[in-house]
Amino acid sequence: MNGWLVYDEENIQRNEHFIGFWMKEAQRRGISLALIKTQDIAFGICDGGPFIQDRGGKALPDFAVMRAAHPLLSKQLENRGVRVFNDSRVSAICNDKRETHLFLAGCVPMMETAFVDERHFACPFPFPVVVKASHGCGGRGVMLARDEGEYRVALKA
């Protein structure tokens, strides 16, 4: 059995320990696991069907562990018969904070949340507020806005 552990190149270094864990456990179980960078994968439609190419020429795996937020790439792997963890549906929901909130609304308690972008300058909640990009992850891009000025700066960031 062979698999791909898929990461964006910029996240590999900060996840070295976790990647090492995956590689060690795969080896212990007799699974061939390759670390694949999303930047090394080309995919699309060719001759009327989906194609995926790895720059290293690796054959498609039996499974892929997606550690990158790429629902379209996950879907393409699924279309080629590869079992993907987290699959494209989970990736589309969980890697977009807005989709996550919409999916879980009414199921679990959540903070009040407004879906805004840099064009919206009126804050719908009393300050202070937390501003986070919808596709942010790992605690990056989170800002505290104590007033309207900080809110505008956070939205532009």
Side-chain angles (χ1 to χ4, degrees), residues 3-26 33-45 50-56 58 61 63-80 82-157:
W4 286 359
L5 182 60
V6 182
Y7 270 89
D8 288 328
E9 186 171 25
E10 62 270 15
N11 292 324
I12 290 175
Q13 185 176 1
R14 66 182 279 234
N15 288 283
E16 280 179 345
H17 178 74
F18 192 62
I19 291 168
F21 169 79
W22 272 92
M23 297 306 217
K24 178 181 168 188
E25 289 302 312
L33 187 63
L35 177 62
I36 304 291
K37 299 175 198 170
T38 57
Q39 292 83 348
D40 289 340
I41 299 172
F43 66 101
I45 305 298
F51 83 90
I52 298 178
Q53 260 182 324
D54 166 58
R55 184 183 303 183
K58 294 177 185 67
F63 69 92
V65 177
M66 290 297 293
R67 298 289 300 154
H70 291 283
L72 188 60
L73 175 55
S74 295
K75 186 67 172 173
Q76 189 78 335
L77 285 163
E78 293 164 9
N79 286 342
R80 294 296 315 272
V82 176
R83 189 154 184 205
V84 179
F85 308 93
N86 295 314
D87 66 30
S88 59
R89 181 174 176 266
V90 169
S91 181
I93 293 170
C94 294
N95 289 306
D96 183 325
K97 306 308 177 262
R98 301 163 300 183
E99 292 287 347
T100 303
H101 278 271
L102 289 171
F103 184 77
L104 294 174
C107 298
V108 297
M110 293 185 287
M111 293 177 60
E112 292 179 342
T113 302
F115 306 147
V116 299
D117 62 31
E118 68 277 358
R119 296 171 295 179
H120 297 89
F121 283 103
C123 183
F125 302 122
F127 292 104
V129 297
V130 174
V131 179
K132 181 173 182 167
S134 62
H135 288 85
C137 69
R140 293 175 295 217
V142 179
M143 301 179 78
L144 177 65
R146 293 176 199 83
D147 58 35
E148 191 69 31
E150 288 182 358
Y151 178 71
R152 290 177 193 207
V153 169
L155 286 182
K156 287 184 180 184

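Just so you know, these numbers use all the heavy atoms, side chains as well, and skip hydrogens, waters and symmetry mates.
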Give a yes-or-no answer on whether the side chains of S91 and N86 include a donor-acceptor pair shorter than 3.5 Å.
-> no
Value rounded to 0.5 Å, distance of CD in E78 from CZ in R83 | 10.5 Å
For the residue pair M110 and H101, establish whether any side-chain heavy-atom pair is separated by less than 4.5 Å.
-> yes
Should W22 and L33 be marked as a side chain to side chain contact (heavy atoms under 4.5 Å, CB included) after you check the CA-CA gap, both sets of side-chain angles, and the distance that decides it?
-> CA-CA 8 Å; W22 272 92; L33 187 63; 4.1 Å; yes
Output, in order, the C-alpha distance, side-chain angles, deciding distance and verdict of side chain to side chain contact (heavy atoms under 4.5 Å, CB included) for V131 and V129.
-> CA-CA 6 Å; V131 179; V129 297; 4.3 Å; yes
Backbone N/O of I19 and side chain of N15: donor-acceptor pair under 3.5 Å = no
Would a distance-only check, ignoring hydrogens and angles, find a side-chain to backbone donor-acceptor pair under 3.5 Å from D8 to N11?
-> no
With the side chain counted from C-beta on, respond yes when L72 and F43 share a heavy-atom pair under 4.5 Å apart, and no when they do not.
-> yes
Distance (rounded to the nearest 0.5 Å) between D40 CG and W4 CH2 | 10.0 Å
Applying side-chain hydrogen bond (donor to acceptor under 3.5 Å, both in side chains), run through H70 and N95 and close with a yes or a no.
-> CA-CA 8 Å; H70 291 283; N95 289 306; over 6 Å; no
Taking every heavy atom of V84 against every heavy atom of M66, the minimum-distance pair comes out as CG1-CG, 3.4 Å
Got F115 and K97 here, is their nearest side-chain heavy-atom distance under 4.5 Å?
-> no
Flag side-chain contact, heavy atom, 4.5 Å: Y151 against R146 = no
Give a yes or no answer on whether the side chain of Q76 reaches the backbone of G44 with a donor-acceptor pair at less than 3.5 Å.
-> yes
Any side-chain heavy-atom pair of E10 and Q39 under 4.5 Å = yes
Taking atom CD1 of I41 and atom CG of L73, what is their separation to the nearest 0.5 Å?
-> 5.0 Å
Say you draw a straight line from CD1 of I93 to CZ of F103; how long is it, rounded to the nearest 0.5 Å?
-> 4.5 Å
Looking at side-chain heavy atoms only, is the closest gap between E9 and T38 below 4.5 Å?
-> no
Short question: side chain of S88, backbone of S74 - any donor-acceptor pair under 3.5 Å?
-> no
Considering only heavy atoms from C-beta outward, does the side chain of I36 approach that of K58 to under 4.5 Å?
-> yes
Residue set satisfying salt bridge (charged side-chain N to carboxylate O under 4.0 Å, His left out) with E25, at least two apart, ordered chain then number -> R28, R29
Is R98 paired with D96 through a side-chain N to carboxylate O contact shorter than 4.0 Å?
-> yes
Are any non-hydrogen side-chain atoms of Y7 and K37 less than 4.5 angstrom apart?
-> no
For F51, does the CZ atom have more than 12 heavy-atom neighbours from other residues, nucleotides or ligands under 6.0 Å away?
-> yes
